[in-house]
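Written below as structure tokens is the structure these notes are about.
Values below: all heavy atoms of this structure, side chains included; hydrogens, waters and symmetry mates excluded. Sequence lines set the chain letters: A, B, ... in the order given, protein chains first and strands last, and positions in each chain run from 1.
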Amino acid sequence: MRTHMCGEIGTSDIGQTVTVCGWVAKRREHGDKLAFVDLRDYSGIVQCVIDNAVDVRSEYVVKITGVVRPRPEGTVNVNLSTGEVEIGECLVEVLRSAEPPPFPVDARADDVDENVRLQYRYIDIRRERMQKNLRTRAKVNSAVRTAMESQGFVEVETPMLVPSTPEGAREFLVPSRKEPGSFYALPQSPQLFKQLLMVAGIDRYYQIARCLRDEDLRADRQYEFMQLDAEMSFVNQVDVLAAISAAVIAAAESVTGVKPDPIQQITWREAMERFGVDKPDLRFGMELTELTAIFSSTEFKAFAGAESIKGIRVEGKAEEFGRNKLDALTDRAKKMGAKGLVWLKVTTDGTLESPVVKFLSADEQSQLISTLQAKAGDLLLIVADKWSMTCEVLGTLRNDLGRPPVHQGPYRYVWVTEFPLFVGVDKETGQPKPGHHPFCQPHPDDLDKFESDPMSVRSLAYDLVLNGWELGSGSIRIHEPEMQRRVFTALGISEDEANRKFGFFLKPFTYGAPPHGGFAFGLDRLVAILAGEENIREVIAFPKTQSGQDPMTNAPTRAENKQLDELGIRVLPPKV
RNA sequence: GGUCUCGUGGUGAAGUUGGAGUUCACGCCGGCCUGUCAAGCCGGAGGUCGCGGGUUCGAGUCCCGUCGGGACCGCCA
């Protein structure tokens, strides 16, 4: 039907007769003897010159045949990739007329209410931005597949209708027609199946897998999302990180054209100490500075005897933060559970100004300034509390005060390793809770502390972080039933309970499970950042709104009684 | 479940101490126009100010409720 794409026509085509198809982006009439039509397809826009009267309007679908020619002197459009040429002597065939679009099909629609864009997503996607984003996504998928396959990974598809599992995220349930009252779940991840594929001797599995979680939506979370899911046999952590790094680096290079440096690693402990969070954003400084030793014999009650005292230096912000803003920061700290937040301002003569400065000795003040490398005009924020609280509060404030939008360069990838095996304590049972999931291999150097000090045991679990966004996580798994029992015991799970909850998963491991480990990372998040978007909806063709609805299809919709009868389901009246 | 925020012709905005659905830009329809390019000029149509109450002589504006969008917290082993 066509010989060229609109955006690809250039000076090398001059003199050729071409046929292009697309949508009318703009029509400019000059009497009934001359009109310009900008024709758009996914590749771009080309100007067609029409010498007779043709009724074409915005978004009409047309086929235009004509001759490529250079534009007359002085009429070159430098804003257009095809701006040096135009198609003349045009024969126009209207393939389909169209209603005027509800919003401009160009960059101006970036300002349109997102709900309206989603309602007319098929028009929104005609826009350059969405075309680019979806094609970026396809590039990432393709690069990831190539990278995985070149490393010997085998793509295996796992089921979408799976048993409901007791732990983890809330699941979507699918009623069984053959067995009314029973339900499938949609998979939160292919976790179980991929580990069983290792028992099954697949050796290296990968899948670009759709995962579903019925948890509240966010800028970086949808009900359904895509993950690169992978698992490897006969490997250690170094092997897994290398394999996944290769895929991520290939994906990034395919989009940006620049091969990222090897991905750096830090331990979870170091991430918490320096950045206060387990998904550190390495694009900016303002690191947490250790101050505990300075106040080891302080008279200041709020600092005396604190397990951990840390501070951050907010460069040059002393002036900007008046009483209201400082109170808001203090409130934020208290809401997170901190006892308080101490702020100090460095004045122009280098002294400290703060309600608490009178409680600090001259020596403490000077050490504070030198340790934090504070300069005139800086705002200093200090928290004294339990180590985890100090880190968490300052880490949050650091992000609040310094973090650039996620898509703003440079791209800073980082592996965070050695996550704690257990995190916190279950309020009801008093037992430790798994940091990642109960099948993570404990760190071999910490096995002697397993019973005596379980909370200090590290695991062979790791996260991949990009610009403060968690891209994904993984671990070396437990493949020995004895070790699994030890972890279950620490978690307060009896053998009976373990068999009941995880039996279908544990039994296969008695038939010869190889040592194995794996990883999964969210493709939507990676694509969003690489595409320069701060919202994954912008890189998903048909996303849901924050309330889980699709404004285009109106999903979810009510089920017919006939369907419900067949499934043996009755809907309760709405709660008053 | 919670906090904050937004809702005004098709789209984006403005709307003052409460005083007539007022305004601006784009789009749309009609006319003019032979080198424009998110064209220009002239004219026109188009809105139950998300919805429901309340206060008031009078509500886009104030109050209460509700629905919808967004950001965040909880949640996401």
Side-chain angles (χ1 to χ4, degrees), chain A residues 25-40 45-53 55 57-59 69 71-80 82-83 86 88 98-120 123-124 128 165-171 188-189 191 211-223 225 328 331-332 335-337 396 399-400 405 419 421-424 426 432-440 459 461 470 473 475 491 493 501-502 522 534-535 537 544-549 551 554:
Chain A
K26 196 73 206 175
R27 149 198 72 137
R28 293 178 292 278
E29 278 186 85
H30 295 255
D32 54 8
K33 291 283 193 303
L34 175 67
F36 300 97
V37 166
D38 288 344
L39 194 66
R40 181 191 62 239
I45 284 175
V46 67
Q47 172 167 285
C48 306
V49 185
I50 310 211
D51 299 313
N52 48 9
D55 186 24
R57 292 166 189 244
S58 287
E59 300 309 309
R69 65 193 187 197
R71 291 197 182 194
E73 189 140 355
T75 64
V76 167
N77 184 347
V78 293
N79 299 318
L80 216 55
T82 61
E86 63 189 14
E99 294 294 316
F103 48 78
V105 189
D106 58 35
R108 284 172 293 185
D110 290 347
D111 297 324
V112 171
D113 189 316
E114 197 187 346
N115 211 35
V116 177
R117 289 176 53 206
L118 291 181
Q119 201 180 329
Y120 298 93
I123 298 172
D124 192 36
E128 186 184 355
T165 47
E167 310 284 326
R170 188 182 295 124
E171 297 166 320
Q188 310 165 35
S189 83
Q191 185 69 32
C211 304
L212 298 107
R213 294 179 188 171
D214 188 5
E215 299 290 352
D216 286 0
L217 284 58
R218 286 277 206 292
D220 61 350
R221 274 158 41 183
Q222 283 272 305
Y223 282 151
F225 56 98
D331 278 354
R332 182 114 163 97
K335 272 189 185 146
M336 280 185 278
T396 303
N399 275 341
D400 284 357
F419 271 73
L421 190 63
F422 305 111
V423 170
D426 191 297
K433 293 188 292 186
H436 197 57
H437 61 58
F439 313 111
C440 280
S459 70
E470 182 189 322
S473 60
S475 63
L491 292 167
I493 298 174
K501 280 186 169 174
F502 307 110
E534 43 193 319
N535 189 314
R537 292 189 298 273
K544 308 276 189 290
T545 65
Q546 204 166 68
S547 63
Q549 294 176 320
N554 287 322

- request: Between A:R218 and A:K33, just flag the one whose closest nucleotide in RNA chain B comes earlier from the 5' side.
  value: A:K33
- line: Contacts of A:S58 meeting side-chain hydrogen bond (donor to acceptor under 3.5 Å, both in side chains) (sequence neighbours excluded), chain-then-number -> none
- request: Identify the two heavy atoms, one from A:V423 and one from A:G435, that lie closest to each other, and give their separation to 0.1 Å.
  value: CG2-CA, 3.6 Å
task: Considering only atom C1', compute the distance from B:C4 to B:A45 and round it to an integer number of Å.
output: 40 Å
message: Under 4.0 Å, heavy atoms only, any strand: does A:P72 hit a base, just the sugar-phosphate, or nothing?
response: base
task: Provide the distance between the two C1' atoms, one in B:G52 and one in B:C57, to the nearest whole Å.
output: 23 Å
- request: Assess whether one donor atom and one acceptor atom, taken from the side chain of A:R537 and the base of B:G70, lie less than 3.5 Å apart.
  value: no
message: Test of understanding: with side chain to side chain contact (heavy atoms under 4.5 Å, CB included), list the residues that count as partners of A:A328, not counting sequence neighbours.
response: none
Do any side-chain atoms of residues 105-113 of chain A form donor-acceptor pairs under 3.5 angstrom with protein atoms, and if so which ones, sequence neighbours left out?
from   : atom 1 : to     : atom 2 : distance (Å)
A:D106 : OD1    : A:R108 : N      : 2.8
A:D106 : OD1    : A:R108 : NE     : 3.2
A:D106 : OD2    : A:R108 : NE     : 3.2
A:D106 : OD2    : A:R108 : NH2    : 2.7
A:D110 : OD1    : A:R127 : NH1    : 2.9
A:D110 : OD1    : A:R127 : NH2    : 3.2
A:D110 : OD1    : A:R129 : NH1    : 2.9
A:D113 : OD1    : A:N115 : N      : 2.8

message: Between A:P551 and A:T545, is there a side-chain heavy-atom distance shorter than 4.5 Å?
response: yes
- request: Kindly write out the residues that satisfy salt bridge (Lys or Arg N to Asp or Glu O under 4.0 Å) with A:E128, not counting sequence neighbours, or none if the list is empty.
  value: none
- prompt: For the base of B:G70, is there a side-chain donor-acceptor partner from A:N115 under 3.5 Å away?
  reply: no
N/O (side chain, A:N77) to phosphate O (OP1/OP2, B:G35) under 4.0 Å: no
query: Got a donor-acceptor pair under 3.5 Å from the side chain of A:R221 to the base of B:C76?
result: yes
- prompt: Are A:T75 and B:C37 close enough that a side-chain N or O sits under 4.0 Å from OP1 or OP2?
  reply: no
message: Rounded to the nearest 0.5 Å, what separates atom CG in A:N52 from atom NZ in A:K33?
response: 9.5 Å
query: Which whole number of Å gives the distance between the P atom of B:U23 and that of B:G44?
result: 12 Å
- request: For A:D111, report the nucleic acid contact type (base, sugar-phosphate, nothing); a contact means any heavy atom under 4.0 Å.
  value: sugar-phosphate
field: Base B:G35 to side chain A:E86, donor-acceptor N/O within 3.5 Å cut-off
entry: yes
- prompt: Are A:Q546 and B:G68 close enough that a side-chain N or O sits under 4.0 Å from OP1 or OP2?
  reply: no
query: Are the ring of A:F36 and the six-membered base ring of B:U36 within the stacking cut-offs of under 5.5 Å and under 30°?
result: yes
message: How close do A:Q188 and A:C211 get, counting heavy atoms only, and between which atoms?
response: O-CB, 3.1 Å
- request: Quick one: label A:A35 by what it contacts on the DNA or RNA (base, sugar-phosphate, nothing), any heavy atom closer than 4.0 Å.
  value: nothing
message: For B:G43, give the paired nucleotide (Watson-Crick: N1-N3 plus N6-O4 or O6-N4; G-U: N1-O2 and O6-N3; both under 3.5 Å), or none.
response: B:C29
- prompt: So A:E59 and A:R57, salt bridge (Lys or Arg N to Asp or Glu O under 4.0 Å) or not? Walk me through it.
  reply: CA-CA 6 Å; A:E59 300 309 309; A:R57 292 166 189 244; over 6 Å; no
- prompt: If the C1' atom of B:C24 is compared with that of B:U66, how far apart are they to the nearest Å?
  reply: 32 Å
field: Protein-to-nucleotide contact annotation, 5' to 3' order, nucleotides 23-31 of chain B [B base; S sugar-phosphate only; - none; under 4.0 Å, heavy atom]
entry: ---SSSSS-
- request: Could you check whether A:D113 gets within reach of a base, just the sugar-phosphate, or nothing at all, counting any heavy atom under 4.0 Å?
  value: sugar-phosphate
Interatomic distance at P, B:G19 relative to B:C63, whole Å: 15 Å
Heavy-atom donor-acceptor pair, A:E29 side-chain to B:U36 base, under 3.5 Å: no
Pairwise P distance for B:G9 and B:U22, with rounding to whole Å: 16 Å
query: What integer number of Å spans the C1' atoms of B:G2 and B:A38?
result: 43 Å
field: Side-chain-base donor-acceptor pair under 3.5 Å for A:R28 and B:C33
entry: no
- request: Sticking with atom P, work out how far B:U11 lies from B:A20, rounded to a whole angstrom.
  value: 25 Å
message: So if I define the base as every atom that isn't primed, P, OP1 or OP2, how would nucleotides 44-51 of chain B read as a B/S/- string at a heavy-atom cutoff under 4.0 Å?
response: --------
field: Side-chain donor/acceptor of A:R213 to backbone N/O of A:E171, under 3.5 Å
entry: no
- prompt: Going by distance alone, is a donor N or O of one side chain under 3.5 Å from an acceptor N or O of the other, for A:Q546 and A:R537?
  reply: no
